[in-house]
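Chain A is the first sequence line, chain B the second, and so forth, proteins listed ahead of strands; every chain is numbered from 1.
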Amino acid sequence: MSKFRMFDLNPEQQNAATHGTGPLLILAGAGTGKTRVITARMAWLTAQGHSASRILGVTFTNKAAKEMKNRVVDMIGTEGAKDITISTFHSLCVRILRQSAHLLGYKDNFSILDDSDQSGILKKIIHRTAAKDEKLDPAVARALISKAKNSGWNAPPTEATLLGAVYLRYQDELKGLNAMDFDDLLLLAVRVLREHAETATHWQERYEFLLVDEFQDTNRLQLELVSLLAGKHPNVCVVGDDDQSIYGWRGAEVSNILEFERHFPNPVIVKLEQNYRSTNTILNAANRLIRNNVRRRGKNLWSAAGEGSPVHVLAMRDDREEAELVTSEIAAHRHAEQLPWEHFAILYRTNQQSRPIEETLRKLKIPYRLIGGKSFFDRREIKDVLAYATCLINPSNDPSLLRILRTPPRGIGAVTIENALEQSRNGSLFEVLRTPELSDTVSSRTRQAITAFCDLIETYRIRLSTPSSDPSSILRTLLEESGYFEDLQRSCKTPAESLRREENVRSLLRDLSEYKDHKGLSTFLDEITLDNDRQEEQTESSTGVTLITLHAAKGLEFPHVYLIGAEDGLLPHQRSKSEGTVDEERRLFYVGITRAMKTLTISHALQRVKYGSPMSCQRSPFLSEIVGEGVLESTGTEILNQPASEEMAADHFALLKQMLSN
DNA sequence: AATCGTCTGCTTTTT
DNA sequence: GCAGACGATT
């Protein structure tokens, strides 16, 4: 055990890391070193002689999984850590289902649909199902179906309601396409474990120790999955913070962590309250805010870092003044203390709030990175290439097939496709295209084009299935042979655009050829659909001031944080007020505050442009919960008239002058 | 099939 | 105020 002093754990962390068997709940406040504890625990387990291959860590994001893996490697070395499994919920389910989907009537080569495929299919089904006077927004349907899959239906879906009918047809359709959406991955993995004892036993024996990260964000299905994997002797260690549960709207159940004892009786509970990130002034403000929530375990963060500088609450005249003051203050602060831009972050409730900030930053020529833009994935050419790849794995995937059927145009017209789709109803389009009956209804020229297309796909499918084949060169040849690159060029307005798109395709193919462990095209596609980071690495500039929503900021930290738009109706959001989820908004605010390491500035405007016109705004009721010792309130005008130091004054002045001259 | 114009409706988004 | 969707128009 003395070995574990090496990891520099405080007594509570040590208790958690060295817990033996049975359920363990670690209530880890923001910045209390939960990743350190989880990884130290993994290290400890292996040091106790437990086999690394029987330890499973589960996270929500690939980023968190990677991070965790790196940290274990740092602790016990590559050799000791390499057999520990660390996986996201979804990729774990994919692994289970690739092995057992046939037990549920799917094929094991099923495709995973992304959001846009899902929307497309739903739109089609709604159109087909709804009567003339009935209306159902595909986005709403998607949200409701997702919620139902993750939390269960109040009543089983029936044909009686439009939504029920759409749902049933949607599931049928997906099965016909041999495809699953993100929610199905969880739903079906749980189903296969629940209904097939031998599968459940297999996985229960495979892993002896389970460690679950961000437990407050788990939904009903995820809890059930954990439960099923744990089996009768639950060595389940979960880490989470009920005060940071901000995904209730996505089906996360705070009750999973609040009522942990109900799901896993007699757990050991460890509270981590020592924070290693922020000053006490910041933590006290956070504590004062969050204690206004009723349903919580209760904890009080403290830090050994001292009091630090005051938290500023700024009342601004309008959103413009807010943007100008925040940005110029960042510029001045950076200049005065010679800090990199990366030390600063601006946090906000809704994406559109970034706009005025971006404009001002651009004016001042301050570099910034905006988190949460469009992904690499949404690029047309990337979707095209992935659709080609998907069809080689699973030609029943209609959305992908439809995509490549017209890119490039190959003499199969819209009418033909429409007819074929009509015939395919509950099966796949590819099957219909291959059937000779279609010949009766189409011209011989079209028939020829269809046959050529099907042959093309079949040929390449065979090539791909040859052992020792190289997926990336096969895919490249397929794209060349089908004239994809010419079509891409033709469809681009400028040579520069076509060059860029071609480079994107090449980079994707390079990625594939360098894909480690050459586990095959199918796994590559899984990883790409399940991993958003992969795409973002390529698009984001990684330097500058960070602009980020409160949701996306969870888990991150910045030395200097500006939380803007602390107004009633924005934070808490109007909608949360009408839906009765103000507590979650308070947690969101709490998450924002606890991102700050050294300084925190919270601003609100008295007037803000909303939907084009200026509206007057009340300050957020949360602000009166935060004020107290160490919190300074001031107005924009005061700041501009009496800056802290002469140096700052000069900077402010120079910057404002520069801004006005632009 | 592509482009233009008008209408609508407006959080958050780990996978 | 503006993006995105949809329908009318060429």
When we call it a touch if two heavy atoms are under 4.0 Å apart, what does [X] touch: a base, just sugar-phosphate, or nothing?
| X | value |
| --- | --- |
| Glu585(A) | base |
| Gln222(A) | nothing |
| Arg142(A) | nothing |
| Asp183(A) | nothing |
| Phe89(A) | nothing |

Taking atom NZ as the centre, does Lys610(A) end up with more than 12 heavy-atom neighbours from other residues, nucleotides or ligands that are less than 6.0 angstrom away?
yes
Testing the 3.5 Å rule here: is there a donor-acceptor pair between the side chains of Asn293(A) and Asp243(A)?
no
Please tell me whether Tyr484(A) and Asp384(A) have a donor and an acceptor in their side chains that are separated by less than 3.5 angstrom.
yes
Nearest to the side chain of [X], heavy atoms from C-beta on, is which of [options]?
| X | options | value |
| --- | --- | --- |
| Tyr611(A) | dT13(B), dT15(B), dC10(B) | dC10(B) |
| Arg250(A) | dA3(C), dT11(B), dT13(B) | dT13(B) |
| His90(A) | dT13(B), dT15(B), dT14(B) | dT15(B) |
| Ser576(A) | dT11(B), dT12(B), dT14(B) | dT11(B) |

Using atom [atom1] of [X] as one end and atom [atom2] of [N] as the other, report the distance to the nearest whole Å.
| X | N | atom1 | atom2 | value |
| --- | --- | --- | --- | --- |
| Glu359(A) | dG1(C) | CD | C1' | 12 Å |
| Met615(A) | dG1(C) | CE | P | 13 Å |
| Asp184(A) | dT15(B) | CG | C1' | 13 Å |
| Gln352(A) | dG4(C) | CD | P | 13 Å |
| Asn351(A) | dG9(B) | CG | P | 21 Å |
| Asp217(A) | dT15(B) | CG | C1' | 12 Å |
| Phe110(A) | dT15(B) | CZ | P | 17 Å |
| Ile112(A) | dT15(B) | CD1 | P | 13 Å |

Would you indicate, yes or no, if [N] has its OP1 or OP2 atom less than 4.0 angstrom from a side-chain nitrogen or oxygen of [X]?
| X | N | result |
| --- | --- | --- |
| Asn62(A) | dT14(B) | no |
| Asn150(A) | dT15(B) | no |
| Thr549(A) | dT13(B) | yes |

Residue of the set Lys577(A), Arg575(A), Arg349(A) for which salt bridge (Lys or Arg N to Asp or Glu O under 4.0 Å) holds with Glu585(A)
Arg349(A)
Does Arg295(A) pair with Asp583(A) as a salt bridge, N-O distance under 4.0 Å?
no
Establish, yes or no, whether a centroid distance under 6.0 Å links the rings of Tyr247(A) and His551(A).
yes
Looking at dT11(B), does its base get a donor-acceptor pair with the side chain of His573(A) below 3.5 Å?
no
Where does dT11(B) land, syn or anti, once you apply the within-90°-of-0 test for syn?
syn
Using atom C1' in both nucleotides, what's the gap between dT14(B) and dA3(C) to the nearest angstrom?
26 Å
